[in-house]
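Notes to accompany the following structure.
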Amino acid sequence: MASPQNFASKLTALVVDDHKIYQKVHQKMLNNFGVKSHVVENGKEAVDIHWHGKKFDLILMDMDMPIMNGIEATKELRAMGVCSTIVGVTSRSTEEEILKFMEAGLDDYQEKPLTIPKLTSILHKIINSNPI
């Protein structure tokens, strides 16, 4: 099977996180795979960018953010008909919090920090479910 690097250059991603360090780390990891990425700082910005017509193959969504958290943003994006793969990436890890986040419409959940193997797995799932 081809590696994600062979196809990831055709993918786009939105990083939704209020922490600058995680923004940079996740964007650099995506860029290393050739994924074109954009960063916003909260859920409202993620919703707004979709209202303005931008579409992404992958959304990496933090849970705890100001203005609009990841749970609210995920629910809103799904209500808008956004079909992107949304992966919750957060340091919150109680079963109840994970369940609330998943029920909001996540496709996957990963604990921070996101690692290369975790990102590789996410990209494989996207590529396998959407042949490019």
Side-chain angles (χ1 to χ4, degrees):
M1 176 178 192
S3 71
Q5 290 92 336
N6 294 345
F7 299 104
S9 64
K10 297 180 182 182
L11 298 177
T12 58
L14 179 64
V15 177
V16 187
D17 203 310
D18 60 321
H19 290 100
K20 298 285 186 207
I21 291 172
Y22 285 120
Q23 289 175 359
K24 289 179 181 177
V25 168
H26 293 162
Q27 191 169 39
K28 182 160 179 59
M29 290 171 66
L30 289 162
N31 290 346
N32 286 343
F33 278 101
V35 177
K36 294 179 183 81
S37 60
H38 185 82
V39 174
V40 295
E41 294 188 3
N42 61 63
K44 183 178 182 326
E45 291 179 7
V47 170
D48 288 348
I49 200 167
H50 282 86
W51 272 118
H52 288 98
K54 283 288 268 180
K55 294 184 179 183
F56 302 91
D57 299 297
L58 171 64
I59 301 171
L60 297 178
M61 181 75 71
D62 186 25
M63 184 165 62
D64 291 318
M65 296 176 287
I67 303 173
M68 181 184 282
N69 69 33
I71 293 171
E72 295 167 341
T74 300
K75 285 180 183 176
E76 182 70 24
L77 290 169
R78 292 302 188 209
M80 292 167 55
V82 173
C83 296
S84 306
T85 298
I86 304 178
V87 178
V89 183
T90 185
S91 55
R92 294 288 195 115
S93 59
T94 69
E95 285 183 41
E96 183 180 333
E97 290 166 326
I98 294 168
L99 183 61
K100 278 178 89 172
F101 208 3
M102 290 298 296
E103 288 175 346
L106 293 182
D107 295 291
D108 195 1
Y109 169 85
Q110 297 290 332
E111 284 188 40
K112 285 182 182 175
L114 190 60
T115 63
I116 296 293
K118 289 177 187 176
L119 184 56
T120 300
S121 175
I122 292 165
L123 293 175
H124 270 297
K125 288 177 188 174
I126 293 170
I127 291 165
N128 289 338
S129 66
N130 300 305
I132 300 172

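- Rounded to the nearest 0.5 angstrom, Leu11 CG and Leu30 CG are separated by 9.5 Å.
- Within the 4.5 Å cutoff, side-chain heavy atoms of Val16 are placed close to those of Met65.
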Between side-chain atoms of residues 100-108 and protein atoms elsewhere (two or more places apart, or another chain), which donor-acceptor pairs fall under 3.5 Å?
unit_1 : atom_1 : unit_2 : atom_2 : d
Asp107 : OD2    : Arg78  : NH2    : 2.6
Asp107 : OD2    : Ile86  : N      : 2.8
Asp108 : OD2    : Gln110 : NE2    : 3.3

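- Side-chain contact check for Asn31 versus Lys28: every heavy-atom pair is 4.5 Å or farther apart.
- You'll find the side chain of Leu114 reaches within 4.5 Å of the side chain of Ile122, heavy atoms only.
- Residues Ile59 and Met80 share a single hydrophobic cluster, defined by chaining ILVMFWY side chains whose heavy atoms lie under 4.5 Å apart.
- With values rounded to the nearest 0.5 angstrom, Met29 atom CE is found 11.5 Å from Ser37 atom OG.
- Around atom CD1 of Ile116, more than 12 heavy atoms belonging to other residues, nucleotides or ligands sit under 6.0 Å away.
- No more than 12 heavy-atom neighbours from other residues, nucleotides or ligands sit within 6.0 angstrom of NZ on Lys44.
- The distance from atom NE2 of His26 to atom CG of Leu58, rounded to the nearest 0.5 Å, is 10.5 Å.
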Does the side-chain contact (heavy atoms from CB on, under 4.5 Å) test come out yes or no for Phe56 and Val82, once each step is laid out?
-> CA-CA 9 Å; Phe56 302 91; Val82 173; over 6 Å; no

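- Checking side-chain atoms of Ser121 against main-chain N and O of Pro117 turns up no donor-acceptor pair under 3.5 Å.
- Atoms NZ and CD, on Lys36 and Gln27 in that order, are 13.5 Å from each other to the nearest 0.5 Å.
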Under the side-chain contact (heavy atoms from CB on, under 4.5 Å) rule, what do Val15 and Val39 come out as? Steps first, then yes or no, please.
-> CA-CA 5 Å; Val15 177; Val39 174; 4.0 Å; yes

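- Cluster annotation: Val87 and Tyr22 are assigned to distinct hydrophobic clusters (Ile/Leu/Val/Met/Phe/Trp/Tyr, side-chain heavy-atom contacts under 4.5 Å, transitive).
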Checking side-chain contact (heavy atoms from CB on, under 4.5 Å) for the pair Ile49/Leu14: CA distance, chi angles, key distance, verdict?
-> CA-CA 10 Å; Ile49 200 167; Leu14 179 64; 4.0 Å; yes

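- Remark: Lys112 pairs with Asp17, Asp62 by the salt bridge (Lys or Arg N to Asp or Glu O under 4.0 Å) rule, at least two apart or across chains.
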Side-chain donor/acceptor pairs under 3.5 Å, residues 66-76, sequence neighbours excluded:
unit_1 : atom_1 : unit_2 : atom_2 : d
Asn69  : OD1    : Ile71  : N      : 3.0
Asn69  : OD1    : Glu72  : N      : 2.8
Glu72  : OE1    : Asn69  : N      : 3.3
Thr74  : OG1    : Gly70  : O      : 2.7

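- Scanning both residues, Lys54 and His50, for their nearest heavy atoms gives O-CD2, 3.4 Å.
- In the hydrophobic clustering of ILVMFWY residues, with side-chain heavy atoms under 4.5 Å counting as a link, Leu119 and Ile127 come out together.
- Side-chain contact between Asp57 and Thr85 is absent, with no heavy-atom pair separated by less than 4.5 Å.
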Verify side-chain contact (heavy atoms from CB on, under 4.5 Å) between Ile98 and Glu95, making sure each step is shown before the conclusion.
-> CA-CA 5 Å; Ile98 294 168; Glu95 285 183 41; 5.7 Å; no

